[in-house]
K.L.:
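First the structure, which I've put down as structure tokens, then a few questions once you've had a look.
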There are 2 protein chains.
Amino acid sequence: MSNAPKKVSIKDVARAAGVSIASVSRVINATPGRVSAETRERIEKAITELDYRPNRIGQALRGQMNDTFALVISSIQNNFYSAVAWEIERRLNDAGSAMLIYNSNEDPALQDRCLGDLASRQVSGVFLLCAVDTPGLQAAAGQTPLLFINRRVPSLPGVPFVGIDDKSAAAELAGAVLRETGGRIGLIHGPSRSHTSRVRRDGFLETFDAAGRRLEGDSVVEAELSMESGYACAGQLLESGRYAALICGNDQIAYGAFRRCRELGLTVPSDLAIYGFDDNPLNQWLAPWLNTVSVPHLRFAEAAVAGMMKLVEGQRPGDTILPYDLVLRR
Amino acid sequence: MSNAPKKVSIKDVARAAGVSIASVSRVINATPGRVSAETRERIEKAITELDYRPNRIGQALRGQMNDTFALVISSIQNNFYSAVAWEIERRLNDAGSAMLIYNSNEDPALQDRCLGDLASRQVSGVFLLCAVDTPGLQAAAGQTPLLFINRRVPSLPGVPFVGIDDKSAAAELAGAVLRETGGRIGLIHGPSRSHTSRVRRDGFLETFDAAGRRLEGDSVVEAELSMESGYACAGQLLESGRYAALICGNDQIAYGAFRRCRELGLTVPSDLAIYGFDDNPLNQWLAPWLNTVSVPHLRFAEAAVAGMMKLVEGQRPGDTILPYDLVLRR
DNA sequence: GTTGACGAGGTAAACGTTTTCCGCATAGCC
DNA sequence: GGCTATGCGGAAAACGTTTACCTCGTCAAC
């Protein structure tokens with residue numbers, strides 16, 4: 001404890017090697033052709049002997065850069081988001097960068113607090129895993145490289161986006177529902193505040209309309225993207241009658257619906273089929289009853305990191321629309 | 001994009017208010033009795049007008065402190081760990097701090113890479129959510145405030161710990177198993193490399209011994225703390241005979257075992273009961289069949305943050321042993 | 001022998017803060 | 001009026017880097 005061994009700085013290395021700090025810096029940064037082989041060797045020896053590691057704070061202050069990224073996630077409970085977050089972390093770490101993490105909880109004020117905090121930390125870039133449109137977001141857009149994942153904010157078309165074609169995925173899932181059931185269909189979609197949720201909802205509804213099986217108004221309800229809300233909305237729906245299938249705006253909502261069905265004595269999927277969206281990696285272990293759209297979270301992370309790297313180099317990457325898969329479990 | 005509006009620094013505020021940067025700093029830090037009310041007011045006006053926020057990098061460089069903490073988590077897949085992590089993040093954010101996150105994946109080399117990276121980032125403290133004993137950990141212990149959560153490292157008794165009494169929890173759970181089943185019992189415990197896993201295993205085995213129902217050697221297998229490993233080990237166990245109950249080292253293992261049972265045509269819990277450990281918050285939604293020990297993840301986070309705050313203030317908080325609950329679902 | 005180029009390495013400024021030290025008034029005291 | 005105490009505020013050093021600029025040899029070319 002206490003008497004911490006003094007941190008070793010570039011000065012100590014310079015002194016140990018008998019050179020100036022400039023030369024040490026040149027060795028660290030592998031500046032080409034500025035230091036002789038013999039001096040370089042001496043410095044490297046001193047570095048390993050002292051176990052010196054350049055202080056990132058000093059580097060950041062001087063170079064305005066940080067090798068630190070931030071990820072703002074809108075729902076800590078959503079395991080699909082977690083999975084994406086972790087994959088991003090892994091890739092950033094492999095690249096020698098670190099990741100700050102913030103939860104915005106879909107709350108505009110909280111999101112802005114996060115973004116403000118970030119600004120004062122000089123991060124190199126920010127991943128937004130489902131952002132909401134706020135003044136703070138608009139302000140941040142001019143200051144820091146931003147990248148949207150899974151949900152875009154229409155008022156910021158210049159910010160690159162990584163996601164899937166939600167509309168067509170929703171339409172395909174709706175097609176599968178139509179094929180597999182002739183009974184009554186319920187829809188619990190996400191909040192219309194979210195662009196992605198709106199697009200999915202429209203994909204579902206338009207497909208049903210086109211097939212001549214328009215959903216009645218009381219078969220469609222709006223939920224938050226949470227298990228609790230799915231539970232509540234499923235209860236509301238199911239007390240007004242029998243359903244053959246429930247389509248949910250994402251897997252979290254589906255989990256809530258599942259619990260409600262169980263409590264009502266309904267067996268899934270024999271009494272009623274449940275459809276979700278995202279394909280949480282946990283599903284194959286715990287939710288074999290869930291039909292869903294598999295969104296490739298690994299490729300999300302990959303594309304997001306690649307896009308961010310371009311961004312920090314000053315390029316302007318385009319949007320990345322990834323393929324998805326229908327997962328129909330019986 | 002590009003032409004980013006120049007960041008506003010303390011100098012700009014000083015110029016705008018017609019004072020020196022020292023005075024601005026005094027206002028920011030609320031240094032008592034060093035600046036007159038009228039000057040303070042002028043400075044505060046300039047601050048809000050320019051929307052100035054002190055640069056944390058500069059502050060960190062000067063003050064050797066960062067208001068940034070790190071959390072190293074050993075398994076990204078474990079939702080219980082995620083839940084704890086998120087609760088810590090929330091509390092740190094409320095306190096105006098940020099959280100860097102790292103995944104060690106139970107890999108000693110990866111953990112040491114994380115700790116090395118952390119050292120160069122001058123973090124204020126590190127939460128270790130299930131650490132493994134490595135040279136890098138020993139080195140970090142002298143440099144930075146450390147706090148163990150859920151798993152201690154016996155060779156570092158000086159580092160505070162937040163957790164439960166795993167031995168007695170395991171014994172209680174084993175007692176419940178004995179009470180509820182007269183059939184054959186299998187145990188899939190965690191890796192003996194982990195102190196916590198060893199303690200839990202001993203708690204189980206000693207209770208069975210004491211009750212005169214010693215488990216035969218082939219009813220006990222060692223798994224990693226993952227669903228995949230639980231799946232594999234459950235397969236190994238179940239091919240050697242029928243079991244009335246399977247006790248798993250944690251919930252992740254139990255999920256894997258559940259999937260194996262399902263694939264073997266066994267119904268849980270009527271054909272066979274499954275017992276886990278941790279009580280992942282998801283269980284109440286997706287795993288109503290799972291008996292487990294409920295570890296209070298909110299209080300973990302609370303105690304961990306409180307302990308860390310003491311640590312950064314130079315105090316030496318003691319270990320925190322929290323209460324647990326048996327969750328027996330029928 | 002003078003010049004120029006080039007290679008190696010040092011000096012010092014700059015990044016944005018905090019904090020120590022100092023100076024300048026004003027006020028209070030004799 | 002001279003003295004000190006006090007309150008306010010500025011100057012500058014320091015934190016650990018990077019990098020633009022400079023200096024000093026050495027060597028080749030004329």
Side-chain angles (χ1 to χ4, degrees), chain A residues 4 6-44 46-47 50-68 96 117 119-124 143, chain B residues 4 6-44 46-47 50-68 96 117 119-124 143:
Chain A
K6 196 71 191 63
K7 296 284 290 177
V8 22
S9 86
I10 198 173
K11 273 187 205 150
D12 305 312
V13 178
R15 197 172 327 116
V19 297
S20 76
I21 60 170
S23 297
V24 179
S25 176
R26 288 194 262 261
V27 168
I28 296 168
N29 295 44
T31 311
R34 303 283 286 121
V35 44
S36 72
E38 136 189 61
T39 316
R40 172 182 309 274
E41 198 175 337
R42 220 168 19 162
I43 293 176
E44 275 164 354
I47 287 179
L50 296 173
D51 188 32
Y52 164 70
R53 298 153 177 285
N55 181 324
R56 304 265 194 172
I57 301 287
Q59 293 180 314
L61 184 58
R62 164 65 212 224
Q64 322 285 322
M65 264 313 169
N66 214 345
D67 265 1
T68 303
D117 191 78
S120 72
R121 287 196 144 80
Q122 298 262 108
V123 297
S124 304
Q143 299 267 144
Chain B
K6 196 71 190 65
K7 296 282 291 176
V8 21
S9 86
I10 198 171
K11 275 188 203 150
D12 305 312
V13 178
R15 197 171 327 115
V19 297
S20 76
I21 60 171
S23 296
V24 180
S25 176
R26 288 195 261 259
V27 169
I28 296 168
N29 296 45
T31 310
R34 300 285 285 123
V35 43
S36 72
E38 135 190 62
T39 316
R40 172 180 310 273
E41 198 175 338
R42 216 162 27 154
I43 293 176
E44 274 164 354
I47 287 180
L50 296 173
D51 188 31
Y52 164 71
R53 298 155 178 285
N55 181 324
R56 302 265 194 174
I57 301 286
Q59 292 182 313
L61 186 58
R62 164 66 213 221
Q64 321 287 326
M65 264 314 169
N66 216 346
D67 264 1
T68 304
D117 191 79
S120 72
R121 287 195 144 80
Q122 299 261 107
V123 297
S124 304
Q143 300 267 146

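Bear in mind that the values here come from a model prediction, so they are computed numbers and not experimental data.
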K.L.:
Would you indicate what T39(B) reaches in the nucleic acid, counting non-hydrogen atoms under 4.0 angstrom: base, sugar-phosphate, or nothing?
P.N.:
sugar-phosphate
K.L.:
Could you please name the option among dG9(D), dT17(D), dA11(D) that lies closest to any side-chain atom of V35(B)?
P.N.:
dG9(D)
K.L.:
Toward the 5' end of DNA chain D, which comes first, V19(B) or L61(B), by nearest nucleotide?
P.N.:
V19(B)
K.L.:
Report the distance from atom NZ of K11(B) to atom C1' of dG10(D), rounded to the nearest whole Å.
P.N.:
15 Å
K.L.:
Could you check how far CD1 of I43(B) sits from C1' of dG10(D), rounded to whole Å?
P.N.:
12 Å
K.L.:
Angle between the end axes of the helix from dG1(C)-dC30(D) to dC30(C)-dG1(D), five pairs per end, to the nearest 10 degrees?
P.N.:
70°
K.L.:
Choosing from dC21(D), dG10(D), dT18(D), which nucleotide comes nearest the side chain of Q59(A)?
P.N.:
dT18(D)
K.L.:
For the residue pair I57(A) and Q122(B), what are the closest heavy atoms and their distance?
P.N.:
CG1-CG, 3.8 Å
K.L.:
Across the strands shown, which category fits R26(A) at heavy-atom distances under 4.0 angstrom: base, sugar-phosphate, nothing?
P.N.:
base
K.L.:
When all nucleic acid strands are considered with a 4.0 Å heavy-atom cut-off, which category describes R40(A): base, sugar-phosphate, or nothing?
P.N.:
nothing
K.L.:
Quick check: does any side chain N or O of N29(B) sit under 3.5 Å from a backbone N or O of T31(B), one acting as donor and the other as acceptor?
P.N.:
no
K.L.:
Reckon S25(B) touches a base, only the sugar-phosphate, or nothing at all at heavy-atom distances under 4.0 Å?
P.N.:
base
K.L.:
Consider only side-chain N and O atoms of R121(A) and T68(B), and report whether a donor and an acceptor are under 3.5 Å apart.
P.N.:
yes
K.L.:
Starting at the 5' end of DNA chain D and moving along, which residue's nearest nucleotide shows up first, G58(B) or I21(B)?
P.N.:
I21(B)
K.L.:
Please give me the minimum heavy-atom distance between P54(A) and I28(A), naming the atom from each residue.
P.N.:
CG-CG2, 4.0 Å
K.L.:
How many Å lie between CD1 on I10(A) and P on dT19(D), as a whole number?
P.N.:
11 Å
K.L.:
V35(B) and V27(B): which non-hydrogen atoms are nearest, and at how many Å?
P.N.:
CG1-CG2, 4.3 Å
K.L.:
Using a cut-off of less than 4.0 Å, is there contact between a side-chain N or O of S23(B) and OP1 or OP2 of dG10(D)?
P.N.:
yes
K.L.:
Measure the CD1-CZ distance between I47(B) and R42(B) for me, rounded to the nearest 0.5 Å.
P.N.:
12.5 Å
K.L.:
Apply side-chain contact (heavy atoms from CB on, under 4.5 Å) to residues Q143(B) and K7(A) and explain how you reach the verdict.
P.N.:
CA-CA 8 Å; Q143(B) 300 267 146; K7(A) 296 284 290 177; 3.2 Å; yes
K.L.:
Find the distance R15(B):CZ to dG9(D):C1' and express it as a whole number of Å.
P.N.:
18 Å
K.L.:
What are the 5'-most and 3'-most nucleotides of DNA chain C lying under 4.0 Å from any heavy atom of chain A?
P.N.:
dA8(C) to dG16(C)
K.L.:
Where is the tightest heavy-atom contact between R53(B) and S120(A), given as atom of each residue plus distance?
P.N.:
CB-CB, 4.3 Å
K.L.:
Indicate the atoms forming the closest heavy-atom contact of D117(A) with R56(B), along with that distance.
P.N.:
OD1-NH2, 3.2 Å
K.L.:
Quick check for you: among dT18(D), dC21(D), dT17(D), whose closest atom lies nearest to any side-chain atom of N29(A)?
P.N.:
dT18(D)
K.L.:
Rounding to an integer number of Å, can you tell me how far R34(A) CZ sits from dT23(D) C1'?
P.N.:
12 Å
K.L.:
So, for I10(B) and S25(B), which heavy atoms are closest and what is the spacing to 0.1 Å?
P.N.:
CD1-N, 3.8 Å
